[in-house]
Amino acid sequence: LEMDAARIQAAGIVLAPVGSGSLSAEIVAQGTVVGTPRGEAVLAARADGVITGVSLRLGDSVRAGQTVALIESREASAIAAERATAQARLTAARQALAREQRLFDAQITARQDLEAAQTVLAEAEAEARRTSSAAAAARVSRDGRSTGVVSPISGRVTASNATLGAFVSAGTELFRVANASEIQIQASVSADDANRIAPGDRASISLPEGEVHATVRSITPGVDAQS
């Protein structure tokens, strides 16, 4: 079919030069907002005991390393006692080595006595480091009566199950903390659509406040039990 310029204009046809390009299609899916592995943390009791202090409530902001609760426990007292005993032995070993060094320099005692004192000091230092590390890991308080519940990330408290005066067992979940800047969207699409998506593809998230641009991180195959 041949058309002259007048008929083309009358039909509203627009002519354009042919060029290379790509075809794109929109895939619409519902998604769920979840925290990334680095953006959410569960804070649990480290030992059996009674909650004696709660410093934060639901919705409060928290810093990484901040203590959010204290639990008075026998385990904390035992760890603190071991640490104090180890420090006392370390002090005694240092004093004994200094005494043996003076006696050896004065040629009163044998070298083996000095070397024995050096060995005792090395063992005492190792034990002091071990007990100090154990106390730090358990977040034992300065008075040695409580263990602390500490947030490993910054964010906000999204769940709180800690009640002042309640007895809790080790491993009991007390708080959840989430960082709003560390989130991801999990969306479910059909198998056909999943084959058309690749990591690095651009995505757009529709929120009440407007649209947010994102990037596809990964595609994980899964089966819907209901379908």
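Numbering starts at 1 and runs along the sequence shown.
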Closest approach of [X] and [Y], non-hydrogen atoms and distance?
X: Thr109; Y: Glu100; value: OG1-OE1, 3.7 Å
X: Ala29; Y: Ser188; value: CB-O, 3.5 Å
X: Asp201; Y: Arg196; value: OD2-O, 4.0 Å
X: Pro152; Y: Ala64; value: O-CB, 3.7 Å
X: Ala80; Y: Gly144; value: CB-CA, 3.6 Å
X: Leu90; Y: Ala128; value: CD2-CB, 4.0 Å

Compare all side-chain heavy atoms of [X] with those of [Y] and state whether any distance is below 4.5 angstrom.
X: Ser132; Y: Gln87; answer: yes
X: Arg89; Y: Thr85; answer: yes
X: Thr220; Y: Ser218; answer: yes
X: Ile205; Y: Ile185; answer: yes

Mind checking whether [X] and [Y] sit in one hydrophobic cluster, side chains of I, L, V, M, F, W, Y counted as touching below 4.5 Å?
X: Val54; Y: Leu174; value: yes
X: Ile51; Y: Val157; value: yes
X: Val120; Y: Phe104; value: no
X: Ile153; Y: Phe175; value: yes
X: Leu70; Y: Leu56; value: no

Find the distance between [atom1] ([X]) and [atom2] ([Y]) and round it off to the nearest 0.5 Å.
X: Leu97; Y: Asp113; atom1: CG; atom2: CG; value: 12.0 Å
X: Gln186; Y: Arg217; atom1: CD; atom2: CZ; value: 10.0 Å
X: Gln118; Y: Glu123; atom1: CD; atom2: CD; value: 12.5 Å
X: Leu103; Y: Leu114; atom1: CG; atom2: CG; value: 9.5 Å
X: Gln66; Y: Ser151; atom1: CD; atom2: OG; value: 7.5 Å

Item to complete: Please check if any side-chain donor atom of Ser190 sits under 3.5 Å from a side-chain acceptor atom of Asp192, or the reverse.
Response: no
Worksheet entry | Stepwise salt bridge (Lys or Arg N to Asp or Glu O under 4.0 Å) check, Arg130 with Glu82 | CA-CA 10 Å; Arg130 184 192 68 80; Glu82 287 185 358; 3.7 Å; yes
Side-chain donor or acceptor of [X] paired with backbone N/O of [Y] under 3.5 Å:
X: Arg156; Y: Gly59; value: yes
X: Ser55; Y: Val68; value: yes
X: Arg74; Y: Asp48; value: no
X: Ser73; Y: Ala76; value: yes

Worksheet item: Does the pair Ile197 and Ile27 meet the rule for a side chain to side chain contact (heavy atoms under 4.5 Å, CB included), with working shown?
Response: CA-CA 9 Å; Ile197 303 173; Ile27 299 174; 3.8 Å; yes
Worksheet item: Quick one: do Asp105 and Arg102 make a salt bridge, cutoff under 4.0 Å?
Response: no
Worksheet item: Can we say Glu40 and Arg176 salt-bridge, meaning some charged N sits less than 4.0 Å from an Asp/Glu carboxylate O?
Response: yes
Practice prompt. Using the side chain to side chain donor-acceptor pair (under 3.5 Å) rule, take Ser204 and Glu211 through it: C-alpha gap first, then chi angles, then the decisive distance, then the call.
Written response: CA-CA 6 Å; Ser204 180; Glu211 289 195 354; 3.0 Å; yes
Discussion item. For a side chain to side chain contact (heavy atoms under 4.5 Å, CB included) check, start with the C-alpha distance between His213 and Arg202, then their side-chain angles and the critical distance, and finish with the verdict.
Written reply: CA-CA 7 Å; His213 297 292; Arg202 292 177 297 176; over 6 Å; no
Discussion item. Exactly one of Thr172, Thr147, Thr52, Val50 should register a side chain to side chain contact (heavy atoms under 4.5 Å, CB included) with Ile71. Which one does?
Written reply: Thr147
